[in-house]
Amino acid sequence: MAVACFNPMLSPLIPAPPSGRGRAAFLRVRAAFLAPLACGAVVGRGRWRLAAAADPQAVQEQPARTEVSGETGAAGASEASSKLVLVVGGTGGVGQLVVASLLSRKIKSRLLLRDPEKAESLFGKQDESVLRVYKGDTRNPNDLDPQMFEGVTHVICCTGTTAFPSKRWDGDNTPERVDWDGIRNLVSALPRTIKRLVFVSSIGVTKYNEIPWSIMNLFGVLKYKKMAEDFVRNSGIPFTIIRPGRLTDGPYTSYDLNTLLKATAGERRAVVIGKGDKLVGEVSRLVVAEACIQALDIESTEGQIYEINSVKGEGPGTDPEKWKELFSSVQST
């Protein structure tokens with residue numbers, strides 16, 4: 001079994017240390033959380049041994065690009081004209097890669113954004129028949145106009161905020177408001193004709209009362225994500241839940257569409273899939289974005305929850321058959 005270093009303090013969920021009076025307390029919390037998760041931890045008293053994956057698990061190798069690519073399989077091409085995908089959180093670290101990849105595949109898309117101007121700065125001016133942007137905030141149910149959902153066949157939701165207080169919390173952007181209220185409002189507003197909702201959550205959500213996860217959960221981020229998962233599962237909408245490890249590569253929020261399309265996952269292209277919230281490690285945002293898009297059309301992923309990491313090596317790239325094999329290899333019986 002492979003062993004991986006897990007350092008959640010580098011995660012985008014956790015901001016840089018604040019200045020001023022709160023700095024000392026923040027650093028104490030960070031030290032307490034990081035200590036048992038240090039790289040190279042070994043079995044022994046007071047130490048943690050962290051496996052990169054737990055049984056059942058799968059590691060799939062892929063061609064040299066796991067990146068946002070226009071090269072899709074025949075199945076993906078045939079489905080493109082019939083899908084209309086709503087992306088929520090489309091200017092975030094994972095969401096922007098999802099949108100760029102949908103555009104490269106010529107899949108019609110819609111974006112729900114608090115600030116629609118960000119869409120043009122990231123993705124350029126797109127014809128509305130290809131990409132339509134709606135202004136709205138999932139924290140406010142009155143913003144979720146039924147018109148924005150007309151004709152939508154699939155939804156990818158990758159909203160989120162930081163686990164600890166940060167500038168991103170300005171304007172009531174807390175885990176409770178984003179990860180719980182926002183998801184509950186969105187799912188309640190979605191038409192029941194949706195063919196698949198892919199929801200990006202996090203590893204550790206079932207263990208938020210256990211050390212070290214309880215430290216990450218001091219302000220409720222894992223608890224609220226788990227509550228959101230349960231709401232999605234009980235909604236009656238066909239769903240797939242993706243729980244990434246620590247996110248790497250990006251975010252690319254200061255770049256344009258051409259830069260996003262050229263982004264690569266470096267050496268970490270091999271994909272590790274797990275179930276049961278036993279997986280720990282890190283994953284490229286590019287791999288998470290690709291997993292979301294692939295899950296839309298793979299029938300066996302419906303009603304399933306997967307943890308996902310990426311490690312050095314090759315992997316499934318954008319090949320739908322390889323992704324189907326990868327997801328199926330850890331399927332619940």
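Given the structure is predicted, the values throughout are model-derived calculations rather than measurements.
Nearest heavy atoms, Gly136 versus Leu112: CA-CD1, 3.5 Å. Closest of all the heavy-atom pairs between Pro316 and Val271 is CD-CG2, 3.6 Å. Nearest approach of Ser188 to Arg184, heavy atoms of both residues: OG-O, 2.7 Å. For the pair Trp169 and Pro175, the tightest heavy-atom approach, listed with the atom from each and the gap, is CZ2-CD, 3.3 Å. Nearest approach of Cys157 to Leu186, heavy atoms of both residues: SG-CD2, 3.9 Å. Listed here is the closest heavy atom pair of Pro116 and Val133: CB-CG1, 3.7 Å.
Between the Glu307 side chain and the Lys275 main chain, a donor and an acceptor come within less than 3.5 Å of each other. With hydrogens and angles disregarded, a donor-acceptor distance shorter than 3.5 Å links the side chain of Thr301 to the backbone of Ala295. A distance-only check finds no donor-acceptor pair linking the side chain of Arg233 to the backbone of Ile241 [under 3.5 Å]. A donor-acceptor distance shorter than 3.5 angstrom exists from the side chain of Asn309 to the backbone of Val280, with no hydrogens or angles considered. Between the side chain of Ser104 and the backbone N or O of Ser101, at least one donor-acceptor pair lies under 3.5 Å. Remark: side-chain polar atoms of Ser109 are paired, donor with acceptor, to backbone N or O of Ile107 under 3.5 angstrom. Side-chain atoms of Ser310 come within 3.5 Å of backbone atoms of Ser284 as a donor-acceptor pair (strictly under, hydrogens ignored). At least one donor-acceptor pair closer than 3.5 Å links the side chain of Asp277 to the backbone N or O of Val205. A donor-acceptor pair under 3.5 Å links the side-chain atoms of Thr161 to the main chain of Asn173, judged by distance alone. For Arg196 (side chain) and Thr240 (main-chain N/O), no donor-acceptor pair under 3.5 Å exists by modelled atom type.
Within a 6.0 Å sphere centred on CD of Glu117, other residues, nucleotides and ligands contribute 12 heavy atoms or fewer. Counting non-hydrogen atoms of other residues, nucleotides and ligands closer than 6.0 Å to CD of Glu299 gives a total of 12 or fewer. Open room surrounds NZ on Lys135; 12 or fewer heavy atoms of other groups in view lie less than 6.0 Å from it.
With sequence neighbours left out, Pro141 forms a side-chain contact (heavy atoms from CB on, under 4.5 Å) with Asn185. Scored by the salt bridge (charged side-chain N to carboxylate O under 4.0 Å, His left out) test, Lys226 finds Asp230 as partners (sequence neighbours excluded). Evaluation of the side chain to side chain donor-acceptor pair (under 3.5 Å) rule for Asn142 yields no partner, not counting sequence neighbours. With sequence neighbours excluded, the residues that form a side-chain contact (heavy atoms from CB on, under 4.5 Å) with Asp137 are Arg114, Arg139, Asp143. In this structure Phe327 satisfies the ring pair (Phe, Tyr, Trp, His ring centres under 6.0 Å) test together with Tyr306, Trp323, sequence neighbours excluded.
Contact of the Phe199 side chain with the Ile305 side chain is not registered, since no non-hydrogen atoms from C-beta on lie closer than 4.5 Å. Counting heavy atoms from C-beta outward, Pro191 and Val152 have side chains that stay 4.5 Å or more apart. Considering only heavy atoms from C-beta on, Ile273 stays 4.5 Å or farther from Ser329 through its side chain. The shortest distance between side-chain heavy atoms of Pro320 and Gln294 falls below 4.5 Å. A 4.5 Å side-chain heavy-atom check between Val283 and Leu247 finds at least one atom pair inside the cut-off. You'll find the side chain of His154 stays beyond 4.5 Å of the side chain of Leu84, heavy atoms only. In this structure, Phe123 and Val99 have side chains that are in contact, with non-hydrogen atoms separated by less than 4.5 Å. Within the 4.5 Å cutoff, side-chain heavy atoms of Val130 are placed close to those of Leu103.
Using a 4.5 Å cut-off between side-chain heavy atoms of Ile, Leu, Val, Met, Phe, Trp and Tyr, with links allowed through other members, Tyr224 and Val178 fall into different hydrophobic clusters.
Atom CE in Met227 sits 4.5 Å away from atom CH2 in Trp180 (nearest 0.5 Å). To the nearest 0.5 Å, the span separating CZ on Phe164 from CG on Leu218 amounts to 5.0 Å. Distance OG1/Thr206 to NZ/Lys278: 10.0 Å, rounded to 0.5 Å. Rounded to the nearest 0.5 angstrom, Ser202 OG and Leu222 CG are separated by 5.5 Å. The CD1 atom of Ile156 sits 9.5 Å away from atom CG of Leu197, with the distance rounded to the nearest 0.5 Å. In this structure, NZ on Lys223 lies 7.0 Å from CD on Glu176, to the nearest 0.5 angstrom.
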Starting from the C-alpha separation in whole Å, work towards a yes-or-no answer on salt bridge (Lys or Arg N to Asp or Glu O under 4.0 Å) for Glu321 and Lys324. CA-CA 5 Å; Glu321 291 304 314; Lys324 184 183 296 184; 3.7 Å; yes
Hey, mind stepping through Arg110 and Leu131 against side chain to side chain contact (heavy atoms under 4.5 Å, CB included) and telling me if it holds? CA-CA 5 Å; Arg110 288 182 184 168; Leu131 179 67; over 6 Å; no
Can you list the steps and then say if Ile237 with Val232 is a side chain to side chain contact (heavy atoms under 4.5 Å, CB included)? CA-CA 7 Å; Ile237 297 173; Val232 168; over 6 Å; no
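Applying the ring pair (Phe, Tyr, Trp, His ring centres under 6.0 Å) test to every pair with at least one member in residues 83-104, sequence neighbours left out, gives no pairs at all.
Using a 4.0 Å cut-off between charged nitrogen and carboxylate oxygen, Glu290 and Arg105 count as a salt-bridge pair.
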